[in-house]
Amino acid sequence: METVRVRFAPSPTGALHIGGAHTALFNWLWARRMGGSFVLRIEDTDRQRSTEAFEKTILAGMRWLGLDWDEGPDCGGGFGPYRQSERLDLYRRYAEELLEKDLAYRDGAAIIHRIPQDRTILFEDIVYGSIEIKSETIKDTVLIKSDGTPTYNFAVVVDDHTMAINYVIRGEDHIINTPKQILIYDALGWELPHFAHLPMILGEDKKKLSKRQGATSVYDYRDLGYIPEGIFNFLALLGWSAGDDKEIFDRHEATALFDLAKVAKRKAVFDMKKLDFVNQEHLKRLDPIRKLDLVRPFWEAIGLDSRLVDDGYLLRSLDLLEGRGQTLKEMAAYSDFFLSFDPVKERYDGSDISEAIKARLRPFFEALLAIGNWDHDAMAELARQWAIDKGLKLKDLAMPLRWALTGRKVSPGIFEVAVHLGPEEVRRRLAHYGLI
RNA sequence: GGUCCCAUCGUCUAGUGGCCUAGGACACAGCCCUUUCAAGGCUGCGGCACGGGUUCGAAUCCCGUUGGGACCGCCA
């Protein structure tokens, strides 16, 4: 059985966007599933718009997502070079061959493929099934542009063949290009690869995902606080299902289950709400140490220096969040009061608690601070007893405490918060609001 | 306009002729838990675009209609 060779061939004219990442992901999945090779090729024949900087961010974006490749411009391989701009001789050579066979003709400096008439091109797409098109509906196609560089349709065929790519997996928008490319394979006498087209990803307005819709590159999502595991999982769900109602999985599980034949035909809408959910599920499964490292930059972004705080304390702070937060950004925001009293003071001035109420609560808070064993159960018991004695509800005590310690009306269990902050810090915050 | 593709809850999907009074997930609503919000548990809402066939039987096969989309560059 032949060894699977697939490729992802981005053009370095922008960052790695969601659509590209989706295509790269499915190629990667197929390569890893089949024990094949995943090749990265840079399609930089558009000299105007291609830049080295974009090439770098695309590679970095793929690494961030965890899509490692076996051959590429940075690591080489047996079928290089891996940038089209470095393969110009190759395209020229095969264009000459077509010219000699009289299957192409010149027009100025360009070379143009003469499309045969009365041919029916039929191919079997792994996802879409058999597709048929008549050759007379195809116009003669440019192979080599006047500036000497190859067009996409020519370069892709030459590269895929010479790089021994046997599965061409790409977006559905390329179905229409496939017959033109098949004609080139035929003209050159080359064997066809398998074709598998993937459904496109749409924005929430059901239009093709574009820059107008805000976040579009994978880095935008990273900066919003999504983690690679979440994006990976969510993207894999667009156009494919693992079966058995399994929707949350890691890359290893996905690899074991993936099957190109199970890919859906229908276009999929990129639903942020579902992304949030999937991301949250992966956040919950994250190793604590890694989670801490991932949250740090988001604390920093809101002016909190986590390096000033003990790691053990930080670890426990995140632990107390217990599933709260769908992104790293939210986790950082929800836990800010653990790192500093400043944000609490900024958002809460204590003016909603009257002097009368403060006077009534002071004895309770004094008793709380005087508690023998500084733990959750002791505090909860004290509060419960106090509330009963004074004819109050537990929340009459818990809410003012929550406001004073966190500056918010929502937080993790407030006694757990108090335990974690420690008696000195609790005293400081209560004193600030005149509650002791 | 031409060529090609698609069509199951709002969204992602399961479903490949009988297991479907169409299953799951997100979202939404309600309930439970509860010091708040989450998390978790339970319940509910909600769909085979339409019309013809084929068949004992169709979400599944065929045809048509309608609706979406892609492409029609010396961009990729």
Side-chain angles (χ1 to χ4, degrees), chain A residues 9-14 20 43-50 84 107-112 125 127-129 131-134 136-139 141-156 170-180 197 199-202 204 206-208 234 236-248 261-262 264-278 280-281 284 320-326 330 334 379-380 383-384 387 393-403 406 408-417:
Chain A
S11 106
T13 55
E43 309 216 328
D44 59 350
T45 54
D46 182 345
R47 289 165 163 176
Q48 256 69 43
R49 299 189 299 147
S50 298
Q84 290 188 332
D107 178 15
I111 294 171
I112 304 190
D125 188 282
V127 174
Y128 286 87
I131 293 175
E132 188 183 312
I133 194 170
K134 302 232 184 305
E136 38 278 355
T137 65
I138 303 173
K139 287 191 277 189
T141 52
V142 175
L143 265 19
I144 301 287
K145 301 181 233 171
S146 297
D147 68 357
T149 60
T151 57
Y152 163 74
N153 279 310
F154 186 50
V156 77
R170 75 243 290 198
E172 178 214 350
D173 45 339
H174 286 291
I175 285 184
I176 204 99
N177 284 321
T178 307
K180 290 181 203 172
H197 288 87
M200 304 195 38
I201 299 178
L202 273 25
E204 315 222 357
K206 298 203 175 181
K207 296 252 173 63
K208 194 171 173 177
F234 177 68
L237 250 21
L238 260 27
W240 177 68
S241 75
D244 292 331
D245 296 332
K246 188 173 181 59
E247 294 213 300
I248 302 300
K262 300 275 282 181
K265 299 180 179 73
R266 192 222 209 163
K267 286 172 260 293
V269 173
F270 189 94
D271 180 7
M272 289 285 283
K273 291 270 186 55
K274 180 106 179 209
L275 202 215
D276 286 343
F277 166 78
V278 173
Q280 181 176 31
E281 290 302 309
K284 284 193 260 183
L320 285 171
L321 253 28
E322 288 184 310
R324 290 173 182 79
Q326 298 192 298
E330 285 185 352
Y334 293 172
M379 284 188 197
R384 207 176 318 277
K393 290 190 170 158
L394 190 51
K395 72 162 132 183
D396 294 330
L397 301 175
M399 285 314 286
L401 182 59
R402 173 167 285 114
W403 277 110
T406 74
R408 290 202 182 92
K409 64 182 176 198
V410 302
S411 80
I414 199 58
F415 299 124
E416 294 287 11
V417 169

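All chains are named by letter (A, B, ...) in the order of the sequence lines, taking the proteins before the strands, and each is independently numbered beginning at 1.
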(message) So, OP1 or OP2 of B:A76: does either fall under 4.0 Å of a side-chain N or O from A:Lys145?
(response) yes
(request) Provide, to the nearest angstrom, the distance between the CZ atom belonging to A:Arg170 and the P atom belonging to B:C5. (result) 16 Å
(request) Measure from CZ on A:Phe277 to P on B:G10 and round the result to the nearest Å. (result) 20 Å
(message) Taking NZ in A:Lys393 as the centre, count heavy atoms belonging to other residues, nucleotides or ligands within less than 6.0 Å. Is the count above 12?
(response) no
(request) Could you let me know what B:G1 is paired to, Watson-Crick or G-U wobble, both distances under 3.5 Å, or none if it's on its own? (result) B:C72
(message) Taking only the C1' atom of each, what is the distance from B:A29 to B:C63 in whole angstrom?
(response) 43 Å
(request) Name the residue closer to the 5' end of RNA chain B, choosing between A:Ala380 and A:Met200 according to the nucleotide with the nearest heavy atom. (result) A:Ala380
(request) Flag the pair A:Val417 / A:Leu401 as yes when at least one side-chain heavy-atom distance between them is below 4.5 Å, and no otherwise. (result) no
(message) Using the side-chain heavy atoms of A:His174, tell me which of these nucleotides is nearest: B:G24, B:U11, B:A76.
(response) B:A76
(request) Using the P atoms only, state how far B:A14 lies from B:C6, rounded to an integer number of Å. (result) 15 Å
(message) Which nucleotide wins on minimum distance to the side chain of A:Arg266, given the candidates B:C4, B:U8, B:C75?
(response) B:U8
(request) Return the 5'-most residue of the pair A:Ile112, A:Thr137 with respect to RNA chain B, ranking by each residue's nearest nucleotide. (result) A:Thr137
(message) Below the 4.0 Å mark, does B:G73 have OP1 or OP2 next to a side-chain nitrogen or oxygen of A:Lys139?
(response) yes
(message) Please pick, from B:C12, B:G23, B:A38, the nucleotide with the shortest atom-to-atom distance to any side-chain atom of A:Gln280.
(response) B:A38
(request) Give the nucleotide from the list B:A27, B:U3, B:U35 with an atom nearest to the side chain of A:Ile176. (result) B:U3
(request) May I ask you to check whether A:Asp147 and A:Thr149 show a side-chain donor-acceptor distance below 3.5 Å? (result) yes
(request) Using whole Å, report how far NE2 of A:His197 lies from P of B:C4. (result) 15 Å
(message) Nearest to the A:Lys395 side chain among B:A76, B:U35, B:U13, which nucleotide is it?
(response) B:U35
(message) The side chain of A:Ile133 is closest to which nucleotide in this list: B:C74, B:C4, B:U13?
(response) B:C4
(request) State whether the side chain of A:Gln280 and the backbone N or O of A:Gly323 hold a donor-acceptor pair below 3.5 Å, judged by distance alone. (result) yes
(request) Take atom C1' in B:C28 and the same atom in B:G46, then report the distance between them in whole Å. (result) 10 Å
(message) So, under a plain 3.5 Å distance rule, would you say the side chain of A:Glu247 forms a donor-acceptor pair with the base of B:G24?
(response) yes
(request) Could you tell me whether a side-chain N or O of A:Asp125 sits under 3.5 Å from a main-chain N or O of A:His197, the two making a donor and an acceptor? (result) yes
(message) I want to check something: taking the side chain as every heavy atom from C-beta on, are A:Ile138 and A:Pro179 in contact at a cut-off of under 4.5 Å?
(response) yes
(request) Could you tell me which nucleotide pairs with B:U55 by Watson-Crick or G-U wobble geometry, both distances under 3.5 Å, or answer none if nothing does? (result) none
(request) Please tell me which of the listed nucleotides, B:G24, B:C12, B:A70, lies nearest to the side chain of A:Asp245? (result) B:G24
(message) Please report the distance separating the P of B:G41 from the corresponding atom of B:A27, rounded so that it comes out in whole Å.
(response) 13 Å
(request) Using atom NZ of A:Lys409 as one end and atom P of B:U35 as the other, report the distance to the nearest whole Å. (result) 19 Å
(request) Scan A:Pro412 against the nucleic acid and name what it touches under 4.0 Å (heavy atoms): base, sugar-phosphate only, or nothing. (result) base
(message) Considering every strand and a 4.0 Å limit on heavy-atom distances, what is the contact class for A:Gly171: base, sugar-phosphate, or nothing?
(response) nothing
(request) Please state whether the phosphate of B:A76, meaning OP1 or OP2, lies under 4.0 angstrom from any side-chain nitrogen or oxygen of A:Lys180. (result) no
(message) Between the base of B:C37 and the side chain of A:Arg324, is there a donor and acceptor pair under 3.5 angstrom?
(response) yes
(message) Can you check the distance between B:G64 and B:G2, where both ends of the measurement are the P atom (answer in whole Å)?
(response) 15 Å
(request) For B:C45 and B:G23, measure between their P atoms and round to the nearest Å. (result) 11 Å
(message) Distance check needed: B:G40 C1' versus A:Leu321 CG, whole Å only.
(response) 16 Å
(message) Students often mix this up, so state it plainly: with edges at 30° and 60°, are the rings of A:Phe270 and A:Phe234 parallel, tilted or perpendicular?
(response) perpendicular
(message) B:A14, OP1 or OP2 - any side-chain N/O from A:Ser241 closer than 4.0 Å?
(response) yes
(message) By nearest atom, which of the nucleotides B:C74, B:C75, B:A27 is closest to the A:Ala110 side chain?
(response) B:C74
(request) Determine: side-chain N/O of A:Lys274 to OP1/OP2 of B:U13, distance under 4.0 Å, yes or no. (result) no
(message) Please give the distance between the C1' atoms of B:C9 and B:G47 as a whole number of Å.
(response) 4 Å
(request) Could you work out the separation of B:C50 and B:A7 based on their P atoms and round it to a whole Å? (result) 15 Å
(request) Using whole Å, report how far CG of A:Asp147 lies from C1' of B:C74. (result) 7 Å
(message) Counting only side-chain nitrogens and oxygens, does A:Arg408 get under 4.0 Å of the OP1 or OP2 atom of B:U36?
(response) no
(message) Rounded to whole Å, how long is the line connecting atom CZ of A:Arg402 with atom C1' of B:A38?
(response) 11 Å
(request) Please check the phosphate of B:G69 (OP1 and OP2 only) for any side-chain N or O of A:Lys265 closer than 4.0 Å. (result) no
(request) State, yes or no, whether a side-chain contact exists between A:Glu322 and A:Pro412 at a heavy-atom distance under 4.5 Å. (result) no
(message) Would you say NZ of A:Lys145 has more than 12 non-hydrogen atoms from neighbouring residues, nucleotides or ligands within 6.0 angstrom?
(response) yes
(message) Pairing check on B:C28: which nucleotide meets the Watson-Crick or G-U wobble criteria with it, both distances under 3.5 Å?
(response) B:G44
(request) Specify the separation, in whole Å, of atom CD of A:Glu204 and atom P of B:C26. (result) 17 Å
(request) Return yes if the base of B:A70 and the side-chain atoms of A:Lys267 contain a donor-acceptor N/O pair under 3.5 Å, otherwise no. (result) no
(message) Which nucleotide, if any, forms a Watson-Crick or G-U wobble pair with B:A49, using both distances under 3.5 Å?
(response) B:U65
